[in-house]
Every structure is written in structure tokens, then in C-alpha cells.
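This report concerns only the one structure given below.
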There are 2 protein chains.
Amino acid sequence: MSVDQAAKRDIPDATVARLPGYLRALGQLTAQDVLSVSSEELAYSAGVSSAKLRKDLSHLGSYGVRGVGYDVAHLTYQISRALGLTHDWPVIIVGMGNLGRALASYGGFATKGFKVVALLDRDPQLVGDRLDDLTIQPMDELADVVTPGEACIGVVATPAASAQDVADLLVTAGVSSILNFAATAIQVPEGVHMRKVDLSTELQILAFHEQQRSGAVSDELLEEIG
Amino acid sequence: MSVDQAAKRDIPDATVARLPGYLRALGQLTAQDVLSVSSEELAYSAGVSSAKLRKDLSHLGSYGVRGVGYDVAHLTYQISRALGLTHDWPVIIVGMGNLGRALASYGGFATKGFKVVALLDRDPQLVGDRLDDLTIQPMDELADVVTPGEACIGVVATPAASAQDVADLLVTAGVSSILNFAATAIQVPEGVHMRKVDLSTELQILAFHEQQRSGAVSDELLEEIG
DNA sequence: GCGACTTTGTGCATTTGTTCACAAGAGCGT
DNA sequence: ACGCTCTTGTGAACAAATGCACAAAGTCGC
């Protein structure tokens, strides 16, 4: 095993979760023709502390220059490589309701690294509709769009009720990474990676903090009175 | 300050982030007329370990019965209360493109706890369109829809380029919690809570793990050969 | 009532992540 | 060549989160 691979192997999860943010900030700098950036500046753009940024980057290797900063283009390349974005990953979206359609036309895929290769829906009414360059296909064509041996990411954008069934079908077809937008937890066998994105979860977390804030205000008032 | 409030005060962030998942799992149990559930079962439904679930719940108080489990209705209430969902929070959505519209009609809001009170967009073409029960309003009516003194959650679903401007406007209008769906990091003043949901970030994290997997496979092959 | 059985709640050890503070470099002017 | 200034990279201290294992506390059958 090369040293290089060993270095990649043990990038902490917390760091991996932040790398896309750095990549995006670097993209904005590139668009502004900025050639070099300090950890302080990049950290600000990405919304983290500079110490955290430097430690994160140190897990990838030593790509900065002391006294100067980081070369925007080179760091972009190194992070892309660490994340495995040197080639495009095929993405399949299942569920062409409001959300599925929004996702399909979302610029997020245009970002280098992903390519939507198929849109699926169970509803015969939707099958055949065109969206951008793709035609919506029925569920039973799933096996045809997954290339055996090639890794592929499945996006579940169906109602909660069918999310588990869809996930099972994806796994059976050989998809080993699933992004779940449905409003339910889904179970996947070991070895399959699953991430969940959920509007109401995020709102509820915000609600908690709002409530904490108002609670704190009440307490201050109470203390003043008491 | 009551003991109760003190207990709520120091719920760890990691726990808060998982409470919505428990709440959802409990909702499904309620729908199935299940009255009582063990930590093992509930943990499975929510996709966490039972030890983690029990420790999480222990931060809210002691609402289980040893040897029996948790009362579904009571635990639902306690978690709702801890999250501050005992009354509805008003939500404003800014940006009525594909994503904004999908969010507005998403069932996630129907979940008890939130109520969309306004839809805004900068584009005069969209202003006046109706969506469900609401009419899309121009940006300059923002001040009118935020009730002074009442906490409110703002959802940013605009293109990346205008996200920061929109966030600034929201903050100025008095919104103190922001959920950002735009493909960019935004800066908010201290005291304002901000969370970010991003498709490409999630895809990139999945890509990283896929790449790790394929790397691991290569390494195994190399070891067998060597 | 009492013992067998079940499941919670929690103290403790371990792992993971963050922050601090500074030595080690690298460029620059003289 | 040398010292000055800047910024990285990192060891070490600190904090947060997780997982383990079991005592405490309940139910149930008899």
C-alpha cells in the first residue's frame, strides 16, 4: 500500500464532511481569478475556524506554503482527488414528484463530479416525460441503467411510504450508495452507504435553538425580577 | 430557574440532531396503533444503536419504564416539548424556483410544528402566482410578514448568487433562524442560527466513501498478489 | 410475596473531534 | 547572508460523543 493511499484512508469523518464546503469556496475564488488564499480567508468563506481548516487540510497532505497560503488551483485539485471527484459518478434519481424534478434540474449535479444517468418513477403517467435530456423510465428498467461492477449513487425522492421498497430495489440492482430525501428512515444492508437529507429534521433543530433562546430570555427576566 | 428548564438547557447537540428521527419513528408507531416500544425496537426504526437512544432520551428525563419500555404517546409528547414543537413556528420561504416550490408543497411542513406563512421572490414574473393557499409576494413585503418579537424561520431557496443578499434581508427583518438550501455558504451575524442543506455536499461525501471502497478492494487484490 | 426475567438509566473507558499556541518554514528587503 | 514578517502544520490539552456493561427498577407467574 502506497503512503499516498494510507494518507487518504484515515481522513476523519468530520473532515470529509467539510471538504465539499472548502471545494465550493475555492470554486468561488477561482471564478474571481484569485490565485492564492490564506487559511484565514478560506476558512471565513467556508464558515469554519482557520485552525480547523488547517487541521483538515493537513490530513490530505502538506499543500500550503508557509508565509504565503494555498494555491487555489492546486488545493482544488487535491481536495477533488481526496473526495474521489476525478471522474464523474453516475447518479440515478427515483421519484419524479416535485422534489425529484427539482433535484433533476438542480445545478448541484452540474458541479463537476456527478452525472444524472437515469430518472425513474413508478407512476405510468409520468413515464415517458422528458426532463432536460432524459426520459422518465419505469421502475423495472432499473437493472438496465445500473452497470454491473460500476459504482453508482441512487437518490430516493419518493413519498415516505415507498422509500424502503425503492431502497431495497436499488440495493438489489447493485447500487451501493443511497441519498435519501424521503421523510422516513430506511434500513440498508451493511456495506451500503446511506445518507439522509430532511427538511423537517433541519427545521426541528432550528426550532429547538429558537426555543432555547426564548427560554434564556425568560430566565434573564426572572433573574432580574427575583 | 426550574429543574425542568435546567434539564433542557444542556441537551448535547448530537442528541438534538437525532431527536427528530426518534419523533418520526414514534409517529410511524402511532399510525400502527403501537402503544409501547422498547429502546431496541425504536432505535432500530430510527437507525441508531439502542445504547445511543437510551442515553439521548436520558437527557430529556426519565420517561421509560424498566422491564417494559417507553409509552409511545408520552415519549412523543416529551420529545416534541424538548424540541419546542408545542406550538407552530412560522416559516418564510424565499426563492420560488423549482426547489422553492417543491419545498412549499412538501409534506414536511405539514408535520406538526411548522406553518408556511409567506412565499417571496424577487422576480416580478412570479409575484402574484398562487401556490396552495399562499400568494407569492415581492421581496419588499418582507418586513410586513415578519411579526416583530415573534421568532420566525427563514428558508433560503434562491440561486447561490443572491443567497447572501436574501439572508441579510431576512436578518434585518428580524428573522433569527435560517435554513439555507442555496449552493453557497452564507455569513450570518452572531446570534442568528444558520443551517445548511446541500445536495452536492451529500453526494460528494458519498463519492468519498465509494472511492474508499474501491481503493480498499484494490489493496486487497494487491496484497493477494504480493 | 417472591424469585425469575426484562429493559431502562448511567458510570466509566474509549474514541473522536476541536482549540490553542507555537515551532518550523518560506518570502522579502536590505 | 541575515533578520523580519508572515502563515502553515502540528503536538498537546481539552471537550464532546460513543459504546460497554451492569446495577436499579420494574413486570409477571405462581
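Source: prediction; values computed, not measured. Letters go in sequence order (proteins before strands), and every chain restarts at 1.
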key: Short side-chain N/O contact from B:Y63 to OP1 or OP2 of C:dT7, under 4.0 Å   = no
message = Classify the ring geometry of B:H209 against A:H193: parallel below 30°, tilted from 30° to 60°, perpendicular beyond 60°.
response = parallel
query = What nucleotide among D:dA17, C:dG17, D:dG9 has an atom nearest to a side-chain atom of A:P12?
reply = C:dG17
request  = Check whether any side-chain heavy atom of B:E210 sits under 4.5 Å from a side-chain heavy atom of A:S176, and report yes or no.
outcome  = yes
A:D71 CG to C:dA26 C1', straight-line distance once rounded to whole Å = 15 Å
query = For the side chain of A:S62 and the backbone of A:S58, is there at least one donor-acceptor N/O pair under 3.5 Å apart?
reply = no
remark   = Rounded to whole Å, NE2 of A:H59 lies from P of D:dT10 at a distance of 9 Å
query = Atom OH of B:Y22 and atom P of C:dT8: how far apart are they, to the nearest Å?
reply = 13 Å
query = Within the pair A:Y70 and C:dA26, is there a side-chain N or O less than 4.0 Å away from OP1 or OP2?
reply = no
For nucleotides 12-14 of chain C, tabulate all protein N/O to nucleotide N/O atom pairs closer than 3.5 Å, reporting atom names and distance.
{"residue": "C:dC12", "atom": "N4", "partner": "B:K55", "partner atom": "NZ", "Å": "3.3"}

task = Find the distance B:D13:CG to D:dA15:P and express it as a whole number of Å.
result = 16 Å
ask   = Between B:S39 and C:dT8, does any side-chain N or O lie under 4.0 Å from OP1 or OP2?
value = yes
Produce the list of close N/O pairs, under 3.5 Å, pairing protein atoms with atoms of nucleotides 21-24 of chain D; give distances to one decimal.
{"residue": "D:dA24", "atom": "N3", "partner": "B:R66", "partner atom": "NH1", "Å": "2.8"}

query = Taking side chain as C-beta onward, heavy atoms only, is A:L170 less than 4.5 Å from A:V192?
reply = no
request  = Report yes if at least one side-chain N or O of B:S62 is closer than 4.0 Å to OP1 or OP2 of C:dG9; otherwise report no.
outcome  = yes
ask   = Between A:E41 (CD) and D:dC6 (P), how many Å, whole number?
value = 14 Å
task = Could you check how far CD of A:E40 sits from C1' of D:dT5, rounded to whole Å?
result = 16 Å
key: Integer-rounded Å distance: C:dT7 P and B:L42 CG   = 14 Å
inquiry  = Just to be sure I understand the rule, does A:S49 reach a base, reach only the sugar-phosphate, or reach nothing, if contact means heavy atoms closer than 4.0 Å?
reply    = sugar-phosphate
ask   = How close or far is atom P of C:dT7 from atom NZ of B:K52, stated in whole angstroms?
value = 22 Å
query = Does A:R18 pair with A:D56 as a salt bridge, N-O distance under 4.0 Å?
reply = yes
